[in-house]
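In this text, all values refer to a predicted model and were calculated from it rather than measured experimentally.
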Amino acid sequence: MAEKIKNSTFQIRLPLFLGLAVALGVLLGATIFRPSASNPEGTARGYLKFREILSYIDREYVDTVNTEELSEYAIAQMLEKLDPHSSYIPAKELSLAKSYLESDFDGIGVEFNIFRDTLYVIAPMSGGPSEQVGIQAGDKIIKVDNESMTGGNLTTEKVFAKLRGPRNSKVTLTILRRGEKKPIAFNVTRRKIPSVSVDVGYMVDDQTGYIKVSRFSNGTYDEFKQKLTGLKKQGMKRLVLDLRDNPGGYLDHATRMADEFISGTKKLVYTDGKGSKYDADYYARARGDFESGDLVVLVNEGSASASEILAGALQDHDRALIVGRRSFGKGLVQVPISLSDGGELRLTISRYYTPSGRSIQKPYSPETSDDYENELEERYKHGEFFSQDSIKFNDSLKYKTDKGRLVYGGGGIMPDVFVPRDTMEYTNLLVELYRKNVLREYALTYYRDHKKELEKMPLPQFKSTFTVTDAMVQSMLKDASLAGVKVDSKELQRSNRVIKNNLKAFVARSIYQADGFYPVLNELDADFQKALNSFGQARQISLGK
C-alpha cells in the first residue's frame with residue numbers, strides 16, 4: 001500500500017517537473033527534457049538539481065562566470081563516469097570533428113607540415129586551388145588573412161580552422177619562398193577537396209597486391225573497390241590488406257569491405273545493447289570481388305573499432321590470416337545525437353561482437369579511466385609488443401572459428417601470427433627526428449632542389465637506383481641540430497639504415513604522392529615482410545587445415 005502512495009505522489013509531481021523543463025528549455029538534449037522510463041523520478045531530481053545550482057552560480061557568485069562553459073565542463077565530467085568513448089562535442093568543434101570522417105571537404109588543397117613553429121607546404125594537391133594559383137612544395141605560409149601562422153601556439157587544429165572554410169570563399173595566403181626576397185601574397189578560392197582514406201594500392205610482385213586503409217570515412221568503400229578492381233586487372237591472386245593504425249570510422253564501410261571477401265550470407269558482426277532497441281545483426285549480402293584469393297590482414301595496437309570488426313569477421317570465418325599485434329580493443333557503439341545548440345552528444349548504446357561471439361571491447365572501469373587511457377603503455381611495459389608469451393588469455397573467453405580454430409575474447413583481435421615490434425634500430429634519435437619533422441622537411445627540401453631530375457624517374461627506376469648517401473644524412477643532421485635534436489653517435493649507428501630508408505620514402509612521397517610512399521617503406525617493414533611470408537599459412541586455414 002505504501003508503494004502505491006509513493007507512486008501516486010510522484011505522478012502528481014511529474015507534471016510540475018515536466019512543466020519546469022519545458023519552460024526552461026533544453027539543457028541536456030536535442031528535444032525537451034524527458035525523464036527516463038526506467039527511473040523517471042531520479043532523472044527529474046538530477047535535472048532540477050543541476051538547474052538550481054547553475055542558477056545560483058549565475059545570480060549569486062562573487063565573480064561573473066560563463067555559465068555555458070561551466071555546463072560544458074559539467075557535461076564532460078558526467079560522461080567520464082560512463083565509459084571511455086561517450087563524449088560531448090561543442091558546436092564550435094563539431095565541424096572539425098566531422099571532417100575527419102568526410103571523404104570531401106572545402107579548403108585550399110594543400111598537404112602541410114608544422115616544422116620549427118612554421119607552417120610548410122608539403123605539396124599542393126594536384127588540380128586543387130592552391131596549385132592553380134602557383135603555390136609550391138616548400139613554401140612557408142606565414143600569414144592567413146593577415147593573421148600570423150608562426151610561433152609556439154601554432155597547432156594542426158588552428159591550421160585546419162584557418163585553411164578550411166565555405167566553398168567559394170576566398171582566403172589570402174602570405175608566402176615565404178626560397179629564392180624570393182619578399183613575401184608573396186596569393187588569393188585562393190576554397191573548393192571541394194577530396195580526402196583519401198585508402199592511401200595506396202599497388203602490386204608487390206606479379207601476383208601479390210597491397211592495399212593500405214587508414215580509416216573508414218564515407219568514401220572508403222568506393223576508394224577500396226577501385227583499388228581492388230585495378231589490382232585484379234593487373235593479375236592479383238593474393239592480397240595484403242593493411243589496417244595498422246586504422247582508428248575505425250563508419251561501420252557500413254567496414255562491413256561492405258568484408259562482404260567483398262566473405263561468401264554467402266554469413267554474419268559479419270552484431271551489436272547488443274540495453275533491451276533490444278539497438279540490437280542488430282549484419283550479414284554478407286552480395287557476391288564479392290575477392291572471395292577466394294589468399295588474404296593476409298595486418299593489424300597492430302593502433303587498429304580499432306571498424307578495423308577490428310573487419311579483421312574479426314575475416315578471422316572468425318577463416319577467410320584471412322591476421323598478422324601483427326593485438327588490436328586496440330574499441331568495441332563500444334556510439335550514436336550521434338544532435339543538440340539544440342548545435343553541439344553533439346556521442347552516446348554509447350551497445351557493444352560490438354564478432355560472429356563467434358567475442359566482445360571486441362577491452363575491459364574498462366569509470367573509476368579507473370586513467371588505466372584505460374594508459375593501457376597501451378602498460379602493454380608496452382609488460383612486454384606484449386615484443387613477446388607473444390607475455391599475453392595472458394582468460395580461459396573462460398575461448399571461442400572457435402568456423403573451422404574450429406581457437407580464438408580468444410576479452411578485448412581486441414589477437415593475430416594468428418604475432419610479429420614483435422622491431423626496436424633494434426628504433427632509438428630516441430629516430431623518435432626525435434620524427435617528432436620534430438626533420439626527416440620529412442629535409443626530404444622536401446632535397447626534392448625541391450632536385451625536382452627536374454627526380455621527376456624524370458619512373459617509380460621502378462627510383463626504387464632500384466636512388467640512394468641516400470652518407471653526405472645527405474650528415475646534411476640532414478645539421479638541420480636536426482638546429483631543430484634542437486641531440487645527435488648521439490651510437491644511436492645514429494643503430495638507426496642509420498632506417499633513417500636512410502625513411503629519407504628515401506619521403507623523397508618518393510614528394511615525387512609520386514601516396515603510391516610512392518609505402519612501397520619504399522615496406523623494404524624495411526617487419527610486419528609487411530612477415531605478411532608476405534605467411535600466405536602459405538593463409539591458404540591452409542582457408543582450406544581448413
Exercise. Where do Gln315 and Met414 land on the side-chain contact (heavy atoms from CB on, under 4.5 Å) test, with the steps shown first?
Worked result: CA-CA 10 Å; Gln315 186 179 51; Met414 184 65 198; 5.7 Å; no
Verdict with reasoning, Lys140 to Leu119, per side-chain contact (heavy atoms from CB on, under 4.5 Å): CA-CA 6 Å; Lys140 302 176 186 178; Leu119 179 61; over 6 Å; no
| query | Would Arg326 and Ile413 satisfy side-chain contact (heavy atoms from CB on, under 4.5 Å), going step by step from the backbone distance to the final call? | reply | CA-CA 6 Å; Arg326 181 161 66 101; Ile413 303 299; over 6 Å; no
Open item on the list: If you apply the rule side-chain contact (heavy atoms from CB on, under 4.5 Å), what do you find for Arg358 with Leu397, and how did you get there?
Closed with: CA-CA 8 Å; Arg358 291 182 287 165; Leu397 297 174; over 6 Å; no
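Side chains of Leu321 and Phe535 form no contact here, defined as non-hydrogen atoms less than 4.5 Å apart. Here the side chains of Ile211 and Val200 are not in contact, with every heavy-atom distance at 4.5 Å or above. Residues Ser481 and Lys478 have side chains not in contact (no heavy-atom distance under 4.5 Å, counting atoms from C-beta outward). Looking only at side-chain heavy atoms (C-beta outward), Glu375 and Phe328 stay at 4.5 Å or farther from each other. Taking the side chain as every heavy atom from C-beta outward, Asp316 and Val407 approach each other to under 4.5 Å. Using a 4.5 Å heavy-atom cutoff, the side chains of Val240 and Leu532 are in contact. With a 4.5 Å cut-off on side-chain heavy atoms, Asp199 and Val213 do not count as touching. Under the 4.5 Å side-chain criterion, counting only non-hydrogen atoms from C-beta, Glu441 is not in contact with Met476.
When all heavy atoms are compared, the tightest approach of Val296 to Ala538 is CG2-CB, 4.0 Å. Val299 approaches Ala311 most closely through the heavy-atom pair CG1-CB, 4.1 Å. Between Phe386 and Pro420, the shortest heavy-atom distance links the atoms O-CB, 3.3 Å. In this structure, Tyr250 and Ala306 approach most closely via the heavy-atom pair O-CB, 4.2 Å. Closest heavy-atom contact between Pro84 and Leu332: CD-CD1, 4.2 Å. Across all their heavy atoms, Leu429 and Glu491 have their closest contact at N-OE1, 3.1 Å.
Side-chain atoms of Glu308 come within 3.5 Å of backbone atoms of Lys330 as a donor-acceptor pair (strictly under, hydrogens ignored). A donor-acceptor contact shorter than 3.5 Å is absent between the side chain of Ser475 and the backbone of Ala471. Within the 3.5 Å criterion, the main-chain N or O of Val198 finds a donor-acceptor partner in the side chain of Glu223. The backbone N or O of Val498 lies less than 3.5 Å from a partner atom in the side chain of Asn502, making a donor-acceptor pair. Side-chain N or O atoms of Ser495 include none that pairs as donor or acceptor with a backbone N or O of Ile499 at under 3.5 Å. Judged by distance alone, the side chain of Asn246 and the main-chain N or O of Ser307 form no donor-acceptor pair under 3.5 Å. Using a distance-only test at 3.5 Å, with no hydrogens or angles considered, no donor-acceptor pair links the side chain of Lys225 to the main chain of Lys227. Between the Ser327 side chain and the Gly302 main chain, no donor and acceptor come within less than 3.5 Å of each other. Asp139 places a side-chain N or O within donor-acceptor distance of the main-chain N or O of Gln136, the cut-off being under 3.5 Å. Looking only at distances, no side-chain donor or acceptor of Glu260 sits under 3.5 Å from a matching main-chain atom of Gly288.
Counting only N and O atoms by type, the side chains of Asn187 and Thr172 include a donor and acceptor under 3.5 Å apart. Side chains of Tyr447 and Glu455: a donor-acceptor N/O pair is present below 3.5 angstrom, by distance only. Donor-acceptor pairing under 3.5 Å is lacking for the side chains of Asp416 and Gln537. Residues Thr118 and Thr150 bring no donor and acceptor atom of their side chains to less than 3.5 Å of each other. No donor-acceptor contact under 3.5 angstrom links the side chains of Asp252 and Thr255, judged on distance only. In this structure, a donor-acceptor pair under 3.5 Å is present between the side chains of Asp242 and Tyr210.
Heavy atoms of other residues, nucleotides or ligands lying less than 6.0 angstrom from CD of Gln493 number 12 at most. The environment of Asn153 atom CG is dense: over 12 non-hydrogen atoms of other residues, nucleotides or ligands sit within 6.0 angstrom. The neighbour count for Lys451 NZ, taken as heavy atoms of other residues, nucleotides or ligands under 6.0 Å away, does not exceed 12. Remark: Lys530 NZ is loosely packed, at most 12 non-hydrogen atoms of other residues, nucleotides or ligands lying under 6.0 Å away.
The distance from the CD1 atom of Ile141 to the CD1 atom of Ile135 is 6.0 Å, given to the nearest 0.5 Å. One finds the CG atom of Leu433 at 7.5 Å from the OG1 atom of Thr427 (value rounded to the nearest 0.5 Å). Put simply, CG on Leu239 and CG on Leu231 are 7.0 Å apart, with the number rounded to the nearest 0.5 Å. Between the CG atom in Asp470 and the CG atom in Asn496 there is a gap of 6.5 Å [rounded to 0.5 Å]. If you take CE on Met257 and CG on Leu228, they are separated by 9.5 Å, rounding to the nearest 0.5 Å. Note that CG of Leu243 is 10.5 Å distant from OG of Ser214, once rounded to the nearest 0.5 Å.
A salt bridge between Arg379 and Glu301 is absent, with no side-chain N of the basic residue lying under 4.0 Å from a carboxylate O of the acidic one. Salt bridge Arg238/Asp294: absent, no basic N to carboxylate O contact under 4.0 Å. Ion pair Lys158/Glu147 flagged as a salt bridge, since at least one NZ, NE, NH1 or NH2 atom sits closer than 4.0 Å to an Asp/Glu carboxylate oxygen. With respect to the salt-bridge test (charged N to carboxylate O, under 4.0 angstrom), the residues Glu432 and Lys486 do not qualify. Remark: Asp527 does not engage Arg421 in a salt bridge, criterion side-chain N to carboxylate O under 4.0 Å. With respect to Asp145 and Lys162, no salt bridge is recorded, no charged nitrogen being found less than 4.0 Å from a carboxylate O.
Taking the ring centroids of Phe418 and Phe385, they lie at or beyond the 6.0 Å cut-off.
Note that Arg319 lies outside the cation-pi zone of Phe261, set by a 6.0 Å cut-off to the ring centre and a 45° limit from the axis. In this structure, Lys504 forms no cation-pi arrangement with Phe466, as its terminal cationic atom is not both closer than 6.0 Å to the ring centre and no more than 45° off the ring axis.
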